[in-house]
Amino acid sequence: MIQTRRRADAFRTLALMLLLSSVPLPAAAERIALVGGTLIDGFGSTPLADSVVLVDGERIAAVGTQATLPVPAGYRVVSTEGMSVLPGLWDMHVHLMINGHADYGYWDRTYPPRLRGEIMPASALQLLKAGVTSARDLGGPLEESIAVRDAIRAGELPGPTLYVSGPFLQKAPYPGTEQFRWGVDGAADARAKVRRLAKAGVDVIKLIDQDQMQWDELAALVDEAHRHELPVIAHAHRPEEIRLALKAGVDGLEHTGLSTAPEYPPDVIAAIRERTADMSKGPLFWTPTIEGLFNYEYVRDHPEMLDNDSWHEGLQPDTIADIRQSFAHPERLGYFGITPLRRPTLKTKFAQLRGSGVVLLIGTDSGIPMKFHSQSTWNELDVWVRELGVSPMDTIRAATWWPAVAMGVEDAYGTVSPGKYADIVAVKGDVLRYVNLLQDVDLVVKHGRVVVGGD
Ligand SMILES: [Zn+2]
């Protein structure tokens, strides 16, 4: 049995290598000059027309204009004429272990052996090609999450710089999900689980159903995470989850929750305001992951977009066929049953959060049914601008500068400025007028390597 499994693993590795050999691995870092486009540098100020960005190896060497910064000898010029140039996007809530399949129970029974070799690398590749150069993965099996993150870091797999949580921590895992959901039984166990995750090298702790925990379990969990300098990110689907998360001192909250209720109750908003008013604690981050809820009915009624084959990239033909058949009838999916009743409440809830002083971040839940890594992130930006009244500049900042701050890496990421990693995207046209141009980026540079376009 073990022998057979090993042989199957070896075969999968070989199949993956063959698969990846057809995917161009990024060229070696070089000296490149991005010349001519309008630069939105991520700091929020007036864009810089006729910009020049010099990239030396992995880092940005200089930023100026064609009038002020001549391109030195030895730089390969990549024209960005007619384009918007901006920092590589972040997606603060992705699930690499899922690819849009509509039946979680079936997926969790069937695909674990393929996660490391096929599913998670495909998700990462699709994100990168969509212009997402950094992503936070909130919930996955521990070994696989760390392995994929580290393989990307080592340049062995194409993908965004990943920040991973590994398994969700919760009171009790749902049956059949134990490999990526860990239960917590008592305060000592909560500390032990966090220590195990910290030792394995996760970047963040993901908390869910914290309203089902004992208070001493929750308090111990957050305290232990902070002792290891790990931020704690919690689900915010129920009022009591939010109250307890704030009381325990979590660093960020996820989703636009409360089901079909018309708004967040006054005491919850008061608690959020009390927290955001406390300057010594820094910002309270909130990732509303709202586009999937907003767009479900559109996708149901316009399923052509499900035929966009960008989500096939990196997946085996049988996986693609399996995912495709799972949403043959988008209107029948139980997962989205109540979504049409939630949608009319979203604008009010989003405005309440925004008005209570949280720092909102772009994140998508990509990987959930019919939500593909190749197409989710730009849709979140689009909904913020088109439906929710956020300015394109603020929306872009929520996908660049603020995520870098939230992960404590703003010295190295989040803006196009000298000294930072050269994570840059460019797209023809003006994204400050039409943010949905980001659905098809023309140039993606990650750590100084051109991964899309650039010739
Ligand atoms: Zn999620």
Side-chain angles (χ1 to χ4, degrees), residues 89 91-95 98-107 123 126-127 130 132 138 235-238 254-264 286-312 320 322-354 360-390 392 395 398-399 434-440:
L89 302 176
D91 192 316
M92 291 296 273
H93 193 128
V94 304
H95 293 289
I98 44 179
N99 282 141
H101 197 289
D103 185 343
Y104 284 161
Y106 165 82
W107 186 266
S123 305
Q126 290 177 21
L127 283 163
V132 177
L138 293 178
H235 255 215
H237 274 308
R238 294 184 291 269
E254 304 296 293
H255 306 306
T256 307
L258 274 63
S259 192
T260 56
E263 60 189 14
Y264 292 102
W286 200 300
T287 313
T289 66
I290 207 165
E291 75 91 3
L293 299 172
F294 243 108
N295 286 332
Y296 163 66
E297 290 153 277
Y298 177 83
V299 174
R300 178 195 66 194
D301 300 338
H302 303 83
E304 186 63 37
M305 58 185 305
L306 300 172
D307 293 338
N308 179 330
D309 64 3
S310 59
W311 65 266
H312 299 183
I320 295 166
D322 196 10
I323 295 170
R324 191 71 190 78
Q325 62 76 30
S326 78
F327 46 70
H329 296 283
E331 75 284 1
R332 298 182 194 172
L333 299 181
Y335 183 88
F336 290 105
I338 206 163
T339 301
L341 305 182
R342 292 176 69 179
R343 187 179 49 76
T345 73
L346 296 173
K347 279 186 186 176
T348 300
K349 289 169 181 166
F350 186 90
Q352 279 182 294
L353 292 176
R354 209 174 162 212
L360 293 166
L361 302 174
I362 291 287
T364 58
D365 236 0
S366 71
I368 65 170
M370 301 191 294
K371 284 289 140 197
F372 309 118
H373 302 284
S374 58
Q375 293 288 325
S376 287
T377 312
W378 75 264
N379 268 300
E380 183 79 11
L381 282 100
D382 175 60
V383 163
W384 283 32
V385 171
R386 189 167 43 81
E387 300 274 6
L388 300 168
V390 185
T395 302
Y434 304 110
V435 82
N436 61 15
L437 287 168
L438 287 168
Q439 68 190 276
D440 193 10

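Since we're looking at a predicted model, the values are computed, not measured.
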*Quick one: do I368 and Y335 satisfy side chain to side chain contact (heavy atoms under 4.5 Å, CB included)? Show the steps, please.*
CA-CA 9 Å; I368 65 170; Y335 183 88; 3.7 Å; yes

*Member of L381, V385, L438 meeting the side-chain contact (heavy atoms from CB on, under 4.5 Å) criterion with P392*: V385

*asked:* So T377 and S366, do their side chains get closer than 4.5 Å, heavy atoms only?
replied: no

*Do K347 and L388 come within less than 4.5 Å of each other through their side chains, counting heavy atoms only?*
yes

_Close side-chain approach of T395 to I362, heavy-atom, < 4.5 Å_ = yes

*Should the ring pair W311 and F372 be called parallel, tilted or perpendicular, given that the plane angle runs from 0 to 90° and is split at 30 and 60?*
parallel

_Are the side chains of K371 and T364 in contact, using a 4.5 Å heavy-atom criterion?_
no

*Nearest heavy-atom pair of Y264 and G257: which atoms, and what distance?*
OH-N, 3.5 Å

*Scan side-chain atoms only and decide if Q375 and W378 contain a donor-acceptor pair under the 3.5 Å cut-off.*
yes

*Give a yes or no on whether Y104 atom OH has more than 12 heavy-atom contacts from other residues, nucleotides or ligands under 6.0 Å away.*
yes

*Looking at side-chain heavy atoms only, is the closest gap between Y296 and P340 below 4.5 Å?*
yes

_Can you give me the closest heavy-atom contact between E254 and W286, atom names plus distance?_
C-NE1, 4.3 Å

*Decide yes or no for V94 and L127: does some side-chain heavy atom of the first lie under 4.5 Å from some side-chain heavy atom of the second?*
yes

*Do you know which two heavy atoms are closest between S374 and Q126, and how far apart they sit?*
N-OE1, 3.7 Å

*To the nearest 0.5 Å, tell me how far T287 OG1 sits from E380 CD.*
9.0 Å

_Please give me the minimum heavy-atom distance between T260 and K349, naming the atom from each residue._
C-NZ, 4.4 Å

*What is the distance from atom NE2 of H101 to atom CZ of F327, rounded to the nearest 0.5 Å?*
8.5 Å

*Test item: side-chain donor near acceptor, S376 and D91, under 3.5 Å*: no

_Derivation of the side chain to side chain contact (heavy atoms under 4.5 Å, CB included) call for D307 and R324_ = CA-CA 9 Å; D307 293 338; R324 191 71 190 78; 2.6 Å; yes

*Could you go step by step and tell me if E387 and E291 meet the side chain to side chain contact (heavy atoms under 4.5 Å, CB included) rule?*
CA-CA 10 Å; E387 300 274 6; E291 75 91 3; over 6 Å; no

*asked:* Ignoring hydrogens, what is the shortest heavy-atom contact between P288 and F350? Give both atom names and the distance.
replied: CG-CE1, 3.8 Å

*Aromatic rings H95 and H93: how do their planes relate, parallel, tilted or perpendicular, breaks at 30° and 60°?*
perpendicular

*Interatomic distance, L258 atom CG to R342 atom CZ [nearest 0.5 angstrom]*: 9.0 Å

*Using the side chain to side chain contact (heavy atoms under 4.5 Å, CB included) rule, take T345 and E263 through it: C-alpha gap first, then chi angles, then the decisive distance, then the call.*
CA-CA 7 Å; T345 73; E263 60 189 14; over 6 Å; no

*Is there a side-chain contact between R354 and L360 (heavy atoms, below 4.5 Å)?*
yes

_Just by distance, no angles: are the side chains of D322 and Y106 close enough, under 3.5 Å, to form a donor-acceptor pair?_
yes

*If you look at every heavy atom in D365 and T289, which pair is closest and at what distance?*
N-CG2, 4.0 Å

_Using 0.5 Å steps for rounding, measure from the CZ atom of F294 to the CZ atom of R386._
8.5 Å

*Hey, what do you get for NE2 (H255) to NE2 (H235), rounding to the nearest 0.5 Å?*
3.0 Å

_Nearest-0.5 Å distance that lies between atom CG in N308 and atom CD in Q439_ = 9.0 Å

*With side chains defined as the heavy atoms from C-beta onward, is the minimum distance between W107 and S326 less than 4.5 Å?*
no

